[in-house]
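Proteins come first, then strands; the chains are lettered A, B, ... in the order of their sequence lines, and each starts at number 1. Treat the numbers as computed from the prediction; the structure is a model and nothing was measured.
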Number of protein chains: 2
Amino acid sequence: MGSAERKERQRAELREQILQVARDIVMKEGFGALSMRKLADAVEYAPATLYLHFENRDAIARELCVRGFQELLAVLEPAAACEEPVERLSRLAAAYVAFGLKQPETYRLVFMEDPKLSADLFQDQDEGAGPKSFAVLVRAFEALKAAGQALEDTTPVRLAEVFWAGLHGIVSLKLTCSGFQGTPAEVLAQTLVTSSVHGSKPARATRRTR
Amino acid sequence: MGSAERKERQRAELREQILQVARDIVMKEGFGALSMRKLADAVEYAPATLYLHFENRDAIARELCVRGFQELLAVLEPAAACEEPVERLSRLAAAYVAFGLKQPETYRLVFMEDPKLSADLFQDQDEGAGPKSFAVLVRAFEALKAAGQALEDTTPVRLAEVFWAGLHGIVSLKLTCSGFQGTPAEVLAQTLVTSSVHGSKPARATRRTR
DNA sequence: ACCGTTCTGTGAACACCGTTCATTTATTGC
DNA sequence: GCAATAAATGAACGGTGTTCACAGAACGGT
């Protein structure tokens with residue numbers, strides 16, 4: 001009777017368990033240390049069993065990638081709730097950097113590994129954490145522009161792209177380039193915010209004449 | 001007699017040849033495709049022979065890394081010769097991005113692979129392409145500041161760090177994240193320059209550097 | 001010219017890796 | 001209980017980095 005559903009559920013549970021253990025390994029030892037054999041060992045199955053639930057290692061990586069990005073989005077969204085545009089950007093930057101530094105291996109997996117991995121993240125135009133996260137930034141710059149505090153002749157989309165690139169650069173250089181251990185990432189991020197905001201007059205001052 | 005020097009020279013030549021072939025493989029197929037066996041095959045020696053000239057695969061990678069960075073420096077220096085501060089920054093940004101896009105695999109190797117690789121690049125305080133390249137950027141921001149076109153309360157060093165991070169972010173997101181194929185990297189880089197250069201208005205710090 | 005040393009080069013092996021597939025084991029419907 | 005179906009596996013294939021005992025060539029001294 002209900003045994004069909006139970007089997008399906010058990011199947012899903014094992015799949016989930018595999019992913020959880022894989023996530024643990026990645027966070028603890030990095031993506032490079034995630035091998036099918038080690039993973040199989042950790043979940044106490046034979047290596048071949050993993051292939052009943054995932055096409056191959058890349059499929060597991062992709063799934064972890066998607067979830068990692070969702071975590072990032074979950075961290076960005078509260079920061080985006082802030083009303084004041086400059087403050088909002090500041091909080092977004094802080095949240096982004098904090099995420100990257102707290103979960104370096106996850107960050108590496110999502111943004112610095114094979115291009116194939118992040119391909120899916122931006123595939124669906126509206127759905128997916130990729131476009132959603134980006135939209136959060138774009139809205140922040142729209143708000144900034146509405147307040148007259150952004151460069152006038154640059155679209156919010158482009159500003160958001162450059163801003164994201166700046167954040168990503170800060171985080172990823174911290175993660176890979178030992179030469180960038182000088183200034184703390186949080187400070188760099190706030191400098192980025194400052195230089196992204198045109199004319200740093202107090203926020204609620206009169207709108208700039210255009 | 002001179003046979004000792006000749007042997008030494010031959011040794012160096014083989015070492016050099018190994019590196020050249022390794023470089024070709026990396027540029028053509030990426031660092032991941034560089035295997036000791038394939039490399040040994042290409043130089044027509046047994047795999048074990050490679051270990052007479054390099055401690056291990058990482059040692060080869062490190063060497064390629066150093067040279068890659070030197071190439072980048074060689075591209076940046078002409079751009080740094082420009083007198084006008086804003087124009088100089090613009091040319092530096094363009095050169096950096098062009099290098100990254102033209103030699104993606106080299107760029108990946110230098111800036112996006114194992115942190116151990118880039119460790120050496122910034123080790124020597126003055127020598128080495130790492131600090132030298134960074135110094136080029138710092139000087140550009142010093143010039144910008146002298147011309148009164150940079151944020152006043154931020155040091156050139158920090159501005160250079162954020163600028164570099166921005167450039168790196170642009171290039172690396174282009175290389176890995178398929179979602180960033182919207183705006184061309186060159187355009188983003190110029191937007192970065194624009195937002196890094198404070199307009200004629202003097203900047204007053206927002207008080208919120210938490 | 002020979003011999004012993006020293007250096008260059010190698011084949012074979014070890015321990016891993018991702019992946020496949022025939023085979024066994026467990027579970028189900030009847 | 002039995003046949004059918006699903007889950008799990010052991011063994012294998014070809015690949016990886018790396019090591020090491022061994023062979024061969026080149027050398028300096030006599």
Side-chain angles (χ1 to χ4, degrees), chain A residues 1-19 21-26 28-65 105 109 113-117, chain B residues 1-19 21-23 25-26 28-65 105 108-109 113-117:
Chain A
M1 305 285 101
S3 66
E5 291 94 23
R6 193 201 53 197
K7 279 191 104 175
E8 188 54 41
R9 199 184 54 222
Q10 283 181 342
R11 229 187 110 80
E13 273 171 13
L14 178 50
R15 196 187 135 96
E16 194 58 29
Q17 195 205 342
I18 292 172
L19 283 171
V21 172
R23 196 187 109 110
D24 288 349
I25 294 178
V26 168
K28 195 143 44 96
E29 311 176 51
F31 176 61
L34 178 68
S35 81
M36 296 301 268
R37 287 178 151 94
K38 185 190 288 190
L39 178 54
D41 218 54
V43 295
E44 298 182 299
Y45 279 92
T49 304
L50 301 181
Y51 292 85
L52 299 179
H53 299 269
F54 298 93
E55 188 192 348
N56 50 27
R57 193 180 107 114
D58 273 5
I60 298 180
R62 266 199 305 275
E63 185 87 39
L64 292 179
C65 215
E105 296 302 341
L109 176 60
E113 294 288 343
D114 213 306
K116 292 178 300 188
L117 295 184
Chain B
M1 308 277 99
S3 67
E5 292 95 24
R6 192 200 55 195
K7 279 192 106 175
E8 188 54 40
R9 200 185 54 221
Q10 282 181 344
R11 228 187 112 79
E13 272 171 14
L14 177 50
R15 196 187 136 95
E16 194 58 30
Q17 194 204 342
I18 292 172
L19 283 171
V21 172
R23 196 187 108 110
I25 294 178
V26 168
K28 196 142 45 94
E29 312 176 52
F31 176 62
L34 177 68
S35 82
M36 296 300 270
R37 287 176 151 94
K38 185 189 288 188
L39 178 53
D41 218 54
V43 294
E44 297 182 299
Y45 280 92
T49 304
L50 301 181
Y51 290 86
L52 299 180
H53 299 268
F54 298 94
E55 187 192 348
N56 50 27
R57 194 181 106 114
D58 273 6
I60 299 179
R62 266 199 306 274
E63 186 87 39
L64 292 179
C65 216
E105 297 301 342
R108 280 194 86 95
L109 176 60
E113 293 288 342
D114 213 308
K116 292 176 300 187
L117 296 184

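Across all strands shown, L34(B) has heavy atoms under 4.0 Å from sugar-phosphate atoms exclusively, and none from any base.
Rounded to a whole Å, the CZ atom of F54(B) is 13 Å from the P atom of dT18(D). One interatomic measurement links the two molecules: NZ of K38(B) to C1' of dG15(D), which rounds to 11 Å at whole-angstrom precision. Atom pair M36(B):CE and dG17(D):P shows a separation of 7 Å (rounding to whole Å applied). Here dT8(C) presents its P atom at 14 Å from CZ of R15(B), a figure rounded to the nearest Å. At whole-Å resolution of the value, CG in N56(A) and P in dC21(C) are 14 Å apart. Between Y51(A) atom OH and dC21(C) atom P the separation is 12 Å, expressed in whole Å. Atom CD of Q10(A) and atom C1' of dA26(C) are 12 Å apart (whole Å). Note: CD (E55(B)) to P (dT18(D)) measures 9 Å, nearest angstrom.
Atom CZ of R23(B) is separated from atom CG of L39(B) by 14.0 Å, given to the nearest 0.5 angstrom.
Residues that satisfy the side chain to side chain contact (heavy atoms under 4.5 Å, CB included) test with R62(B), not counting sequence neighbours, are E55(B), D58(B), A59(B), L117(B), D120(B). For L14(A), the side chain to side chain contact (heavy atoms under 4.5 Å, CB included) partners two or more places apart in sequence, or in a different chain, are Q17(A), I18(A), Y45(A), H53(A). Here R108(B) pairs with nothing under the salt bridge (charged side-chain N to carboxylate O under 4.0 Å, His left out) rule; sequence neighbours left out. Residues meeting the side chain to side chain donor-acceptor pair (under 3.5 Å) test with E105(A), sequence neighbours left out: none. Remark: R11(A) pairs with no residue by the side chain to side chain donor-acceptor pair (under 3.5 Å) rule, at least two apart or across chains. Take F31(B) and apply the side chain to side chain contact (heavy atoms under 4.5 Å, CB included) test, not counting sequence neighbours, and it matches V26(B), L34(B), R57(B), A61(B), L109(B), E113(B).
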Report task. Would you write the dot-bracket representation of DNA chain C, where each base gets (, ), [, ], | or . depending on whether it forms a Watson-Crick or G-U pair under 3.5 Å and with which partner? Result -> ||||||||||||||||||||||||||||||
Requested in this report: Any chance you could list the contact pattern along nucleotides 5-13 of chain D? Use B for base contacts, S for sugar-phosphate-only contacts and - for none, protein heavy atoms under 4.0 Å, 5' to 3'.
Outcome: -SSBBB-B-
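T49(A) has its side chain out of reach of V43(A): every pair of non-hydrogen atoms, C-beta onward, lies at least 4.5 Å apart.
Applying the salt bridge (Lys or Arg N to Asp or Glu O under 4.0 Å) test to every pair with at least one member in residues 29-42 of chain B, sequence neighbours left out, gives these pairs: E29(B)-K38(B).
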